[in-house]
Amino acid sequence: MADTTLLEVHDVRRSFPKPGGGELLVLDGVELALKQGEIVGLLGRSGSGKSTLLRLISGLSRPQGGTIRYLGQPIDGPPGGIAMVFQSFALFPWLTVLENVQLGLEALNLPPAEIRSRAIAAIDLIGLDGYENAYPRELSGGMRQRVGFARALVVHPNILLMDEPFSALDVLTAENLRTDLLELWGEDQLPIKGMILVTHNIEEAVLMCDRVLLFSTNPGRVAGEIRIDLPRPRERTDPRFEDYVDQIYTEMTARQRAARADRGGLGTLMTHVSPNLISGLIEAVAAAPYNGKADLPDIASDLQMEIDELFPVAEALQMLRLGDLEGGDLKLTHMGKRFADAELNERKEIFSRALIGHVPLAAHIRRVLDERAHHTAPRRRFVDELEDHMTEDAAEETLRTVVSWSRFAELFAYDDESEIFSLENPA
Amino acid sequence: MRILPPVSVEARRLLPSRWDVVAAMLVLGFIVLFAEASRAVVAPLSSIAHSTLSLDAALLPEYALRTALRMLIALGVSLVFTLTYATWAAKARRAGTLLVALLDILQSVPILGFISVTVVFFLSLAPGRVLGAEFAAVFAIFTSQAWNMAFSFYQSLRTVPPELSEAGRMFGLNAWARFWRIEVPFGLPPLIWNMMMSMSGGWFFVVAAEAISVGPTTIALPGIGSYIAVAIAQQNLTAIFYAIAAMLVVILIYDQLLFRPLVAWADKFRFDNEDSEEFPESWLLDVIRRSTLMDRLAVPFDRFMAWTYRLTPPARGPAAAIRDAVPSRAGDVAWYALLAALALFAAFEVWQRLAVSWADIAQAFGLGAITMLRVVILIALASAIWTPIGVYVGLRPNLTRWVQPVAQFLAAFPANLVFPVAVFAIARYALNPDIWLSPLMVLGTQWYILFNVIAGASVLPRELRDAGTNFQVKGWLWWRKIGLPGVFPYYVTGAITASGGSWNASIVAEVASWGSHTLRAHGLGAYIADATAHGDFHRIVLGIATMSFFVVVVNRLFWRPLYWFAERRYRLT
């Protein structure tokens, strides 16, 4: 029975209606299988549809195409044997820890005595004894997420879905909870048969999963699969562990480049990174000991940044052609080096040229402003254009990024009050 | 806690949508139909009133109790309305937009004018008996309470965090269980706060609704409102002071026995996970929580609710999945056609039955402009007085601790009880009613400005104030750059409520009497009051419609943009 397939996702497609009409494809042609005894990780940047996929699997929403089978049965609504742990915990603040955990059993029509004993058992298992009568707001983040786990485990699901369960916790607490969970899993104490973990944290994926599926963005597809053949418990310091992290890194950056080369028009998604961070990273890479070329995991630990925090900054450098990501290394370009040596005004100039040359949206806004007689344009105009290519939220974020960068570069001005772009410079 | 903005400013858009037009047509049609029904029955009913109430102070507790009970019943009705109407508005894709637009229009209808329209109708339901009048009074209070409660609950339903709903579905809770276990608890704290607000407003109307004459029909329900009416007719100032004292006691009791425990209890339903530094406290809730009696009483109820949740098997499968909205074109067309037909029918009815000339309309609008001028001047005056005082108080926690409850209490106190005292003074010194009756309009509503500004100033971040001190920002500069901007969003919400309430109050404030002496100011409120006294339904409806129009337009063109400006520019998060 060891290779019973718990879950099969085949050719799943999911899109959402766009505000202006039309459809926005979020997931396309997704394939996934979960076997008994497996932990599968879904790894990808935000906006790659991982969470959407999790909601499809849990039966909360339905795909427009393809099939999802749980134990051979198609899923058309929340099935009994799948439980989820949420990123934001999703605890009911007006219920105590015990009541929160009991909630999942109450809908099952079980006798009150059994509900209570099972809830208490789950609470004990997850290390919450003594907190039964506390309200969630009295607990720390880590303890709250433990309640989230207890609530999911108490219904004895076959599959546990985890939607970035550790990302709202601080580093130490998250590690502590991960270790406890893996220990219980290793000792076969959890009443579950398989887990799916959505994460954007590469090390977390390597630490926990048997297989990691890499998701590409826009639309989300499974772009690659990496099997993690490491004995448990895994050590982060193990060189093979580091190899896996590097390997995933390399694959993800390669894919990102490929994806960028594909499009590159207005539809390019941008994550907001402050110009200060960009300048800071350029300076750090330019300085000794890196002298213009740095290994990402190295410089991440040097700057005391999580690797996922560093990633968007490095990507911004890549986008602006101030740096180049290759094989997990970040290398400054000629312009990047000039930027590092320059004074503030020259930096602004370099930045401005990079924006016009390599950020289509920034160039587009500037062109529109130049062409118009009064040199102003409403924000709405660009949002509408962006929403042809991406979700409302993504459009919001992308525009915010361009505004922030352009302000630094003094490329154009934006008045949030009137929501109008202009060429005016207050100075 | 700060008061929530009223319905009208929720959306950002300025221009009326088709929905506003449809909703306005439906509400107007409804009022006209009501008025028509009333006109038909107004003659045979004549006076069903009690023999004159006695002004014996010993009877006051009974009167006060009756007044308080009317309030409680109306509050219950409003709650039922809220849970159904708001839920419908939030969940129905097609009807939702219209239901919300209806709320927006309804809350702009001057309730005091509306009472006269409904009174006769309700009397005709139970001819010759007091019951009809009681219905009318309860209905009047209901119309003053329900809209903002419904709106607050609607907003809560729309903002239930999706992951809470998802967790509920995941664990097999069906829609009924999700409503009571997730949606209602989530919406409870703002709902209770709005109930308190409604209650404050309600006292004003219960007092006005108890004693009312519509043409030949006179009603005097035993209660504090009627007591005051009799006291006015008999020019008995002592009795008026007794009534004021009795009302103070009633409001205090309500606060202690109902709202304080409710607010303290609802604190556990707060969604933000922060530990707040101050917990609302209630001695009564403590007593209840410590005794096991309440626990025991709650057990059967809990069991019953748990039983209802299990009536259907755990929600699995398609029933529990979140469905994509699949708009059916045919359904849409049918729905819009139906609405258009209804609105046209309502418009036709209004046109047919409301034989008003252009001159009448011009007159109503002219008077409306006068009343608007009054409201604007008075709100500006009240703002100029209470904003600096509010900031001063709010920055001093010790002062806030006792001024804030007093301000809230004053807002709850029905100001119309105090009118006779003012009218007595105006009559005595022969002052110009056009000027001196005006302050009565803001007598009860100005406190919203005060306590909102206090609330705003008391949450002004310590560090901002320290920075001001550090840079030696003082005097007028301090007010311009720190004090006023800091409380601005709070001030705006308070002023919106105060302005809306003042329009309503104009109906009782612009005409006032003391014994046989009647003072009359020019304005739309006096117009409606006169029309009511003469039982002239055409002019009542015209007056109500005009006033609603003014309120809606002022809200849209002035308060709504100001509110959003304040939210964007000055909200400290």
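Numbers restart at 1 for each chain; the letters A, B, ... are given by sequence-line order, proteins then strands.
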Measure B:Ala177 against the heavy atoms of chain A and call it side chain, backbone, both or neither at under 4.5 Å.
neither
Would you give the length of the straight line joining atom CD of B:Glu166 to atom OG of A:Ser58, rounded to the nearest 0.5 angstrom?
7.0 Å
Between B:Arg568 and A:Glu417, what is the shortest heavy-atom contact and its length?
NH2-O, 2.7 Å
Taking atom CZ of B:Arg303 as the centre, does the number of heavy atoms from other residues, nucleotides or ligands within less than 6.0 Å exceed 12?
no
Take B:Phe186 and A:Trp94, measure what side-chain contact (heavy atoms from CB on, under 4.5 Å) needs, and give me the verdict at the end.
CA-CA 9 Å; B:Phe186 179 77; A:Trp94 45 87; 3.8 Å; yes
Are B:Leu173 and A:Leu103 close enough, and set up right, to give a side-chain contact (heavy atoms from CB on, under 4.5 Å), and what steps lead you there?
CA-CA 9 Å; B:Leu173 300 186; A:Leu103 187 76; 4.2 Å; yes
Looking only at heavy atoms, which two atoms of A:Pro78 and B:Met170 are closest? And how far apart?
CB-CA, 4.5 Å
Contact origin within A:Leu91 toward chain B - heavy atom pairs under 4.5 Å
backbone
Without swapping roles, check the side chain of A:Arg137 against the backbone of B:Lys268 for a donor-acceptor pair under 3.5 Å.
yes
Any side-chain heavy atom of B:Glu163 within less than 4.5 Å of one from A:Phe89?
no
Run the numbers on A:Glu106 and B:Arg181 for salt bridge (Lys or Arg N to Asp or Glu O under 4.0 Å), then give the verdict.
CA-CA 12 Å; A:Glu106 278 168 25; B:Arg181 304 205 64 172; 2.5 Å; yes
For each of A:Gln87, A:Met84, A:Arg151, tally heavy-atom pairs with chain B at distances under 4.5 Å, and name the one with the top tally.
A:Arg151
Honestly, the part of B:Ile182 sitting under 4.5 Å from a heavy atom of chain A is both
Tell me, side chain or backbone of B:Pro185 under 4.5 Å from chain A's heavy atoms, or both, or neither?
both
Heavy atoms from other residues, nucleotides or ligands near OH of A:Tyr131 exceed 12 (cutoff 6.0 Å)
no
Which atom of A:Phe92 lies closest to which atom of B:Ala167, heavy atoms considered:
CZ-CB, 4.4 Å
Take a 6.0 Å sphere around CZ of B:Arg158 and say whether it holds more than 12 heavy atoms from other residues, nucleotides or ligands.
no
Within a reach of under 6.0 Å around CZ of A:Arg116, are more than 12 heavy atoms found that belong to other residues, nucleotides or ligands?
no
